[in-house]
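Data block below; observations after.
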Amino acid sequence: VLVLVKPDGKLDLPGGRVEGGETHEEALIRETFEETGLSVFIQKPIYEWSFNKTSVRLITGITYLCRHMGGKVGLSQEHSSFYWSQLDYFDHPDLKRWFDI
């Protein structure tokens, strides 16, 4: 799993907002390339999530399993560093079910 590190040290995964006229998948491919320089193939959605950013703003998202298709990691200004992590390091009870492992 490619883990991105923000300048404040918070961890992040590639992705971002869907722009007008885009599908979720198109946005993920675009955002991943903009943030990392990597081309990816989306295999499947693995998790839908949401949280209240404020009392009147709900953020929703979908995490997808992707396969690296090309390119080398080159970070945008949104992130200061990155590392590759084994799936075992992600501590979520549904992780193995999401990835069918």
Side-chain angles (χ1 to χ4, degrees):
V1 175
L2 177 62
V3 179
L4 305 175
V5 182
K6 294 181 178 186
D8 64 4
K10 292 182 181 176
L11 302 182
D12 197 12
L13 297 174
R17 294 187 177 146
V18 177
E19 294 183 359
E22 280 185 321
T23 65
H24 292 119
E25 293 82 3
E26 290 167 337
L28 178 58
I29 290 168
R30 175 186 51 77
E31 286 279 355
T32 299
F33 185 78
E34 288 175 2
E35 293 179 0
T36 68
L38 300 178
S39 297
V40 296
F41 172 77
I42 299 173
Q43 293 184 295
K44 64 181 178 177
I46 57 171
Y47 186 57
E48 293 186 30
W49 49 268
S50 64
F51 65 91
N52 290 314
K53 181 110 176 161
T54 67
S55 62
V56 295
R57 187 170 181 200
L58 176 69
I59 304 294
T60 62
I62 305 169
T63 301
Y64 289 88
L65 177 63
C66 298
R67 181 80 52 206
H68 173 242
M69 298 301 291
K72 292 185 179 183
V73 177
L75 298 177
S76 71
Q77 294 180 353
E78 292 179 51
H79 300 99
S80 56
S81 62
F82 73 95
Y83 62 90
W84 292 97
S85 176
Q86 296 292 324
L87 288 175
D88 297 349
Y89 294 122
F90 285 83
D91 187 13
H92 192 286
D94 291 329
L95 185 66
K96 290 185 180 192
R97 179 179 55 81
W98 296 341
F99 288 95
D100 290 330
I101 57 175

With rounding to the nearest 0.5 Å, note down the distance linking [atom1] in [X] to [atom2] in [Y].
X     : Y     : atom1 : atom2 : value
Glu48 : His24 : CD    : NE2   : 8.5 Å
Ile59 : Arg17 : CD1   : CZ    : 6.5 Å
Leu13 : Thr63 : CG    : OG1   : 6.5 Å
Ile62 : Lys44 : CD1   : NZ    : 14.5 Å

Shared hydrophobic cluster for [X] and [Y] (ILVMFWY, side-chain gaps under 4.5 Å):
X     : Y     : result
Val3  : Leu38 : no
Val18 : Leu58 : no
Leu11 : Leu4  : no
Val1  : Val5  : yes

If you compare all heavy atoms of [X] against all heavy atoms of [Y], which two are closest, and at what distance to 0.1 Å?
X     : Y     : answer
Leu75 : Ser80 : CD1-C, 3.9 Å
Thr32 : Val40 : CG2-CG1, 3.8 Å
Glu35 : Pro14 : OE1-CA, 3.3 Å
Gln77 : Pro7  : O-CG, 4.4 Å

- Message: Whether Arg30 and Glu34 form a salt bridge (side-chain N of Lys/Arg under 4.0 Å from carboxylate O of Asp/Glu) is what I want to check.
- Response: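 Yes, this pair counts.
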- Kindly say whether Gly70 contributes a backbone atom to a donor-acceptor pair with the side chain of His68 at under 3.5 angstrom?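 Indeed, once roles are kept as given, a pair shorter than 3.5 Å links the two residues.
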- Query: Taking the inter-plane angle between the rings of Phe82 and Trp84 on a 0 to 90° scale, is it parallel (under 30°), tilted (30 to 60°) or perpendicular (over 60°)?
  - Reply: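 Plane angle over 60°, so perpendicular.
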